[in-house]
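Only a predicted model underlies this, so the values are computations on that prediction, with no experimental measurement involved. Keep in mind that the numbers below use all heavy atoms, side chains included, and drop hydrogens, waters and symmetry copies. Numbering of ligands and ligand atoms starts at 1, following listing order.
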Amino acid sequence: MITVHYLDNSRAHRILWLLEELDLAYQVTNYTRSADMRAPESLKAVHPLGKSPVIEDEGIVVAESGAIIEYLVETYGGDTLRPAAGSEARLRYTYWTHYAEGSAMPLLLMKLIFAKLPRQVPWPLRPIARMLSKGVADRMIDPQIAEHVAYWDAELSRDGWFAGPEFSAADIAMSFPVEAGMSRIAALGEAPSIARWVAAIRSRPAYQRALSRGGAYDYSQT
Ligand SMILES: N[C@@H](CCC(=O)N[C@@H](CS)C(=O)NCC(=O)O)C(=O)O
(Lines give C-alpha, C1' and ligand atoms only; values in the text may rest on other atoms or scores of the structure.)
Protein backbone atom coordinates (compact mmCIF):
# COMPACT_ATOMS: atom_id res chain seq x y z
CA MET A 1 0.00 0.00 0.00
CA ILE A 2 1.32 3.46 -0.92
CA THR A 3 1.65 5.96 1.94
CA VAL A 4 1.57 9.69 1.20
CA HIS A 5 3.14 11.92 3.85
CA TYR A 6 0.85 14.91 3.54
CA LEU A 7 1.68 18.32 5.00
CA ASP A 8 -1.34 20.58 5.34
CA ASN A 9 -1.70 23.40 2.78
CA SER A 10 1.02 22.06 0.54
CA ARG A 11 1.95 20.89 -2.95
CA ALA A 12 1.35 17.33 -1.69
CA HIS A 13 -2.23 17.82 -2.93
CA ARG A 14 -0.91 17.04 -6.42
CA ILE A 15 0.19 13.57 -5.39
CA LEU A 16 -3.19 12.67 -3.88
CA TRP A 17 -4.81 13.96 -7.05
CA LEU A 18 -2.52 11.82 -9.23
CA LEU A 19 -3.23 8.73 -7.12
CA GLU A 20 -6.95 9.41 -7.49
CA GLU A 21 -6.60 9.78 -11.28
CA LEU A 22 -4.75 6.46 -11.33
CA ASP A 23 -7.45 4.90 -9.13
CA LEU A 24 -4.82 3.47 -6.76
CA ALA A 25 -5.32 2.50 -3.11
CA TYR A 26 -3.25 4.63 -0.73
CA GLN A 27 -3.13 5.86 2.83
CA VAL A 28 -2.40 9.38 4.05
CA THR A 29 -0.26 10.31 7.04
CA ASN A 30 -1.07 13.91 7.97
CA TYR A 31 1.42 16.49 9.29
CA THR A 32 0.57 19.97 10.56
CA ARG A 33 2.70 23.03 9.90
CA SER A 34 4.06 25.12 12.77
CA ALA A 35 3.23 28.84 13.04
CA ASP A 36 6.25 29.66 10.84
CA MET A 37 4.90 27.28 8.17
CA ARG A 38 7.62 24.66 8.71
CA ALA A 39 6.92 20.94 8.64
CA PRO A 40 7.26 19.07 11.95
CA GLU A 41 10.63 17.41 12.70
CA SER A 42 8.92 14.00 12.53
CA LEU A 43 8.85 14.24 8.73
CA LYS A 44 12.67 13.92 8.77
CA ALA A 45 12.22 10.34 9.92
CA VAL A 46 10.79 9.61 6.45
CA HIS A 47 13.30 11.65 4.39
CA PRO A 48 16.31 13.68 5.63
CA LEU A 49 15.02 16.99 4.25
CA GLY A 50 11.66 16.64 5.98
CA LYS A 51 9.65 18.12 3.08
CA SER A 52 6.30 17.11 1.70
CA PRO A 53 5.29 15.42 -0.51
CA VAL A 54 7.15 12.21 0.13
CA ILE A 55 5.74 8.75 -0.48
CA GLU A 56 6.56 5.20 0.58
CA ASP A 57 5.72 2.26 -1.60
CA GLU A 58 6.71 -1.25 -0.46
CA GLY A 59 9.81 0.06 1.30
CA ILE A 60 10.79 2.51 -1.46
CA VAL A 61 10.86 6.16 -0.39
CA VAL A 62 10.37 8.75 -3.13
CA ALA A 63 10.66 12.50 -2.46
CA GLU A 64 10.40 15.56 -4.76
CA SER A 65 7.09 16.14 -6.58
CA GLY A 66 8.46 15.62 -10.10
CA ALA A 67 10.23 12.39 -9.14
CA ILE A 68 7.09 11.10 -7.40
CA ILE A 69 4.96 11.93 -10.44
CA GLU A 70 7.41 10.15 -12.75
CA TYR A 71 7.60 7.15 -10.42
CA LEU A 72 3.83 6.74 -10.12
CA VAL A 73 3.08 7.23 -13.81
CA GLU A 74 5.94 4.92 -14.83
CA THR A 75 5.05 2.22 -12.30
CA TYR A 76 1.26 2.30 -12.36
CA GLY A 77 0.14 4.51 -15.24
CA GLY A 78 0.38 2.09 -18.16
CA ASP A 79 -0.55 4.16 -21.19
CA THR A 80 -2.46 6.75 -19.20
CA LEU A 81 -1.67 10.30 -18.10
CA ARG A 82 1.30 10.83 -20.43
CA PRO A 83 1.57 11.12 -24.22
CA ALA A 84 3.18 8.36 -26.29
CA ALA A 85 6.97 8.05 -26.14
CA GLY A 86 8.68 9.81 -29.03
CA SER A 87 5.80 12.20 -29.73
CA GLU A 88 6.07 16.00 -29.66
CA ALA A 89 3.45 15.96 -26.90
CA ARG A 90 5.70 13.68 -24.80
CA LEU A 91 8.51 16.23 -25.00
CA ARG A 92 6.08 18.94 -23.88
CA TYR A 93 4.96 16.63 -21.07
CA THR A 94 8.54 16.14 -19.83
CA TYR A 95 9.23 19.87 -20.11
CA TRP A 96 6.24 21.01 -18.02
CA THR A 97 6.64 18.26 -15.44
CA HIS A 98 10.18 19.50 -14.71
CA TYR A 99 9.48 23.20 -15.29
CA ALA A 100 6.87 23.30 -12.50
CA GLU A 101 9.41 22.92 -9.68
CA GLY A 102 12.55 23.84 -11.65
CA SER A 103 11.51 27.23 -13.05
CA ALA A 104 8.04 28.33 -11.92
CA MET A 105 8.24 27.63 -8.18
CA PRO A 106 11.64 29.34 -7.56
CA LEU A 107 10.21 32.59 -8.97
CA LEU A 108 7.03 32.35 -6.92
CA LEU A 109 9.01 31.50 -3.81
CA MET A 110 11.25 34.54 -4.33
CA LYS A 111 8.15 36.69 -4.61
CA LEU A 112 6.79 35.28 -1.34
CA ILE A 113 10.10 35.64 0.51
CA PHE A 114 10.59 39.28 -0.54
CA ALA A 115 6.97 40.05 0.37
CA LYS A 116 7.61 38.62 3.85
CA LEU A 117 11.03 40.26 4.28
CA PRO A 118 9.91 43.51 6.01
CA ARG A 119 8.24 41.57 8.83
CA GLN A 120 11.43 39.58 9.47
CA VAL A 121 13.56 42.57 10.53
CA PRO A 122 13.41 44.77 13.67
CA TRP A 123 10.74 47.45 13.25
CA PRO A 124 13.13 50.48 12.93
CA LEU A 125 14.54 48.84 9.79
CA ARG A 126 11.16 48.03 8.27
CA PRO A 127 10.79 51.11 6.03
CA ILE A 128 14.18 50.29 4.45
CA ALA A 129 13.27 46.61 4.19
CA ARG A 130 9.97 47.56 2.51
CA MET A 131 11.80 49.70 -0.06
CA LEU A 132 14.30 46.92 -0.71
CA SER A 133 11.58 44.33 -1.02
CA LYS A 134 9.53 46.47 -3.41
CA GLY A 135 12.60 47.35 -5.50
CA VAL A 136 13.56 43.72 -5.96
CA ALA A 137 9.98 42.70 -6.73
CA ASP A 138 9.41 45.53 -9.21
CA ARG A 139 12.72 45.20 -11.05
CA MET A 140 13.73 41.57 -10.78
CA ILE A 141 10.81 39.30 -9.92
CA ASP A 142 7.53 40.69 -11.27
CA PRO A 143 8.73 41.29 -14.86
CA GLN A 144 9.94 37.69 -15.07
CA ILE A 145 6.72 36.35 -13.59
CA ALA A 146 4.72 38.36 -16.13
CA GLU A 147 6.68 36.69 -18.95
CA HIS A 148 6.08 33.24 -17.51
CA VAL A 149 2.34 33.85 -17.04
CA ALA A 150 1.99 35.09 -20.62
CA TYR A 151 3.84 31.97 -21.78
CA TRP A 152 1.52 29.64 -19.79
CA ASP A 153 -1.51 31.33 -21.27
CA ALA A 154 -0.14 31.13 -24.83
CA GLU A 155 0.72 27.44 -24.41
CA LEU A 156 -2.70 26.62 -22.94
CA SER A 157 -4.42 28.48 -25.77
CA ARG A 158 -2.90 25.98 -28.25
CA ASP A 159 -4.98 22.97 -27.28
CA GLY A 160 -6.24 23.34 -23.74
CA TRP A 161 -3.73 21.29 -21.73
CA PHE A 162 -0.04 21.81 -21.05
CA ALA A 163 1.20 18.78 -23.00
CA GLY A 164 -1.25 18.77 -25.92
CA PRO A 165 -4.88 17.89 -26.56
CA GLU A 166 -5.10 15.36 -23.69
CA PHE A 167 -5.05 15.91 -19.95
CA SER A 168 -1.79 14.51 -18.51
CA ALA A 169 0.25 14.35 -15.33
CA ALA A 170 2.04 17.51 -16.57
CA ASP A 171 -1.21 19.36 -15.80
CA ILE A 172 -1.10 17.93 -12.28
CA ALA A 173 2.54 19.08 -11.91
CA MET A 174 1.62 22.60 -13.11
CA SER A 175 -1.43 22.92 -10.87
CA PHE A 176 0.58 24.04 -7.86
CA PRO A 177 2.52 26.91 -9.48
CA VAL A 178 -0.64 28.13 -11.20
CA GLU A 179 -2.86 27.89 -8.12
CA ALA A 180 -0.22 29.31 -5.77
CA GLY A 181 0.43 32.05 -8.32
CA MET A 182 -3.25 32.97 -8.42
CA SER A 183 -3.07 33.99 -4.79
CA ARG A 184 -0.25 36.49 -5.43
CA ILE A 185 -0.31 37.59 -9.10
CA ALA A 186 -3.25 39.62 -10.40
CA ALA A 187 -2.41 38.94 -14.09
CA LEU A 188 -3.14 35.25 -13.59
CA GLY A 189 -6.82 35.90 -12.99
CA GLU A 190 -7.02 37.87 -16.25
CA ALA A 191 -5.43 35.26 -18.54
CA PRO A 192 -8.33 33.56 -20.35
CA SER A 193 -6.73 30.22 -21.25
CA ILE A 194 -5.32 29.84 -17.73
CA ALA A 195 -8.77 30.59 -16.26
CA ARG A 196 -10.36 27.92 -18.51
CA TRP A 197 -7.69 25.41 -17.53
CA VAL A 198 -8.09 26.11 -13.79
CA ALA A 199 -11.86 25.58 -14.06
CA ALA A 200 -11.23 22.34 -15.98
CA ILE A 201 -8.79 20.86 -13.44
CA ARG A 202 -10.96 21.81 -10.46
CA SER A 203 -13.97 20.13 -11.99
CA ARG A 204 -12.22 16.77 -12.29
CA PRO A 205 -13.71 14.30 -9.80
CA ALA A 206 -10.21 13.03 -8.88
CA TYR A 207 -9.09 16.59 -7.98
CA GLN A 208 -12.14 16.92 -5.71
CA ARG A 209 -11.62 13.49 -4.11
CA ALA A 210 -7.98 14.42 -3.38
CA LEU A 211 -9.18 17.54 -1.55
CA SER A 212 -11.43 15.51 0.71
CA ARG A 213 -8.70 12.92 1.43
CA GLY A 214 -5.97 15.47 2.20
CA GLY A 215 -7.80 18.31 3.92
CA ALA A 216 -6.60 21.90 4.09
CA TYR A 217 -5.15 23.25 0.81
CA ASP A 218 -4.50 26.96 1.23
CA TYR A 219 -1.50 27.59 -1.01
CA SER A 220 -1.16 31.34 -0.48
CA GLN A 221 1.74 31.09 2.01
CA THR A 222 3.66 28.14 0.58
N1 LIG B 1 10.60 20.90 -4.78
C2 LIG B 1 10.07 20.17 -3.65
C3 LIG B 1 9.62 21.17 -2.61
C4 LIG B 1 9.13 20.52 -1.33
C5 LIG B 1 8.67 21.57 -0.34
O6 LIG B 1 9.33 22.60 -0.12
N7 LIG B 1 7.53 21.32 0.30
C8 LIG B 1 6.99 22.24 1.26
C9 LIG B 1 5.47 22.13 1.27
S10 LIG B 1 4.69 22.94 -0.08
C11 LIG B 1 7.44 21.88 2.67
O12 LIG B 1 7.60 20.71 2.97
N13 LIG B 1 7.57 22.89 3.52
C14 LIG B 1 7.82 22.72 4.92
C15 LIG B 1 9.22 23.03 5.33
O16 LIG B 1 10.02 23.45 4.49
O17 LIG B 1 9.52 22.82 6.52
C18 LIG B 1 8.95 19.27 -4.15
O19 LIG B 1 8.27 19.64 -5.11
O20 LIG B 1 8.73 18.20 -3.57
**Of all pairs that satisfy salt bridge (Lys or Arg N to Asp or Glu O under 4.0 Å), the ones with a partner from residues 52-71, not counting sequence neighbours** = none
**Request:** Show the numbers, then the answer: is there a salt bridge (Lys or Arg N to Asp or Glu O under 4.0 Å) between E88 and R158?
**Result:** CA-CA 13 Å; E88 189 243 344; R158 288 169 67 183; 3.5 Å; yes
**Message:** Just to be sure I read this right, does ligand 1 sit under 4.0 Å from the backbone of R38, its side chain, both, or neither, counting only heavy atoms?
**Reply:** both
**Asked** Under 3.5 Å between some N or O of ligand 1 and some N or O of N9?
**Response** no
**Request:** Answer yes or no: are there more than 12 heavy-atom neighbours, outside D79 itself, under 6.0 Å from its atom CG?
**Result:** no
**Request:** Say whether S65, considering both its backbone and side-chain N or O atoms, lies within less than 3.5 Å of an N or O atom on ligand 1.
**Result:** yes
**Fill in**
Under 4.0 Å from one or more heavy atoms of P53, ligand 1 contributes atoms 20 (O)
**Message:** I'd like to check which ligand 1 atoms, numbered from 1 as shown, lie under 4.0 Å from a non-hydrogen atom of R33.
**Reply:** 9 (C), 10 (S), 13 (N), 14 (C)
**Message:** Closer than 4.0 Å to some heavy atom of A39 - which atoms of ligand 1 meet that?
**Reply:** 14 (C), 15 (C), 17 (O)
**Request:** Answer side chain, backbone, both or neither: which part of L7 comes under 4.0 Å from ligand 1, heavy atoms only.
**Result:** side chain
**Request:** Any atoms of ligand 1 less than 4.0 Å from a non-hydrogen atom of S10? List them with their elements.
**Result:** 9 (C), 10 (S)
**Prompt:** Does atom CZ of F114 have more than 12 heavy-atom neighbours from other groups under 6.0 Å away?
**Reply:** no
**Complete:** Residues pairing under salt bridge (Lys or Arg N to Asp or Glu O under 4.0 Å) where one sits in residues 186-214, two or more places apart or in two chains, turn out to be E20-R209, E21-R204, E179-R202
